[in-house]
Amino acid sequence: QVQVLESGGGSVQAGGSLRLSCEVSGWTASAYCVGWFRQSPGNEREGVATFDSGDGATYYADSVKGRFAVGPDNAPDTTYLHMSSLKPEDTAKYYCAAHAGPCSSGQIEETDFTWWGQGTQVTVSP
């Protein structure tokens, strides 16, 4: 059974950085897509970034482009989301999700993702 576990959330001042990790265990697929999403109270869940384990391709939402980076972490089956130049509007619960096969090109489709983590809170103070 596939399980997704996020870690690394916390509180930081505006302009600071945080690094989230997502461990996906129980895989049987040879390639997969990992997506990062976030949701703040009163708002819809937003796709933030994706990482394709097959070709290493990444995709970022316009709201985080140039500030966030996603890629394979040192630990096995783990993907990171490095967030820098954080803004108060980045405050949200961040979720990691995954699905077998390649990531959709040029977009983040929430409905593509099969397995979801419980989320980790990120709070950015002014």
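For the single chain, residues carry numbers from 1 onward in sequence order. Every heavy atom of this structure was used, including side-chain atoms; hydrogens, water molecules and symmetry mates were not.
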Of all the heavy-atom pairs spanning [X] and [Y], show the shortest one and how long it is.
X: N43; Y: S40; result: ND2-OG, 2.7 Å
X: Q118; Y: K93; result: O-CE, 3.3 Å
X: G47; Y: A61; result: O-CB, 3.3 Å
X: L81; Y: A49; result: CD1-CB, 4.3 Å
X: A92; Y: R38; result: CB-CB, 3.8 Å

Spell out, as yes or no, whether a donor-acceptor pair under 3.5 Å connects the side chain of [X] to the backbone of [Y].
X: S104; Y: E109; result: no
X: T120; Y: G9; result: yes
X: S84; Y: R67; result: yes
X: T91; Y: V124; result: yes
X: D73; Y: A75; result: no
X: E6; Y: G119; result: yes

For this session: Would you check, one step at a time, whether the test side-chain contact (heavy atoms from CB on, under 4.5 Å) holds for D77 with Y32?
Result: CA-CA 10 Å; D77 299 323; Y32 53 90; 4.2 Å; yes
Exercise. Between K65 and D62, is there a salt bridge with N-O shorter than 4.0 Å?
Worked result: yes
Exercise. Does one hydrophobic cluster hold both V4 and V34, with members joined at side-chain heavy-atom distances below 4.5 Å?
Worked result: yes
Exercise. Does Y60 share a hydrophobic cluster with L20, counting links as ILVMFWY side-chain heavy atoms below 4.5 Å and allowing steps through other members?
Worked result: yes
Side-chain contact, heavy-atom cut-off 4.5 Å: [X] with [Y]?
X: H82; Y: S17; result: yes
X: L86; Y: L18; result: yes
X: V24; Y: T79; result: no
X: D90; Y: V122; result: no

For this session: Assess the side chains of E46 and S63: does a donor N or O sit below 3.5 Å from an acceptor N or O?
Result: yes
For this session: Please collect all disulfide (SG to SG under 2.5 Å) contacts where either partner lies in residues 79-124, sequence neighbours excluded, each pair once.
Result: C22-C96, C33-C103
Exercise. Is the gap between the ring centers of W36 and Y94 under 6.0 Å?
Worked result: no
For this session: Rounded to the nearest 0.5 Å, what's the gap from NE2 on H99 to OG1 on T114? Could you check?
Result: 7.0 Å
Problem set entry | E89, CD: over 12 other non-hydrogen atoms inside 6.0 angstrom | yes
Exercise. Members other than Y95 in its cluster, when Ile, Leu, Val, Met, Phe, Trp, Tyr link by side-chain heavy atoms under 4.5 Å?
Worked result: F37, Y59, I108, F113, W116
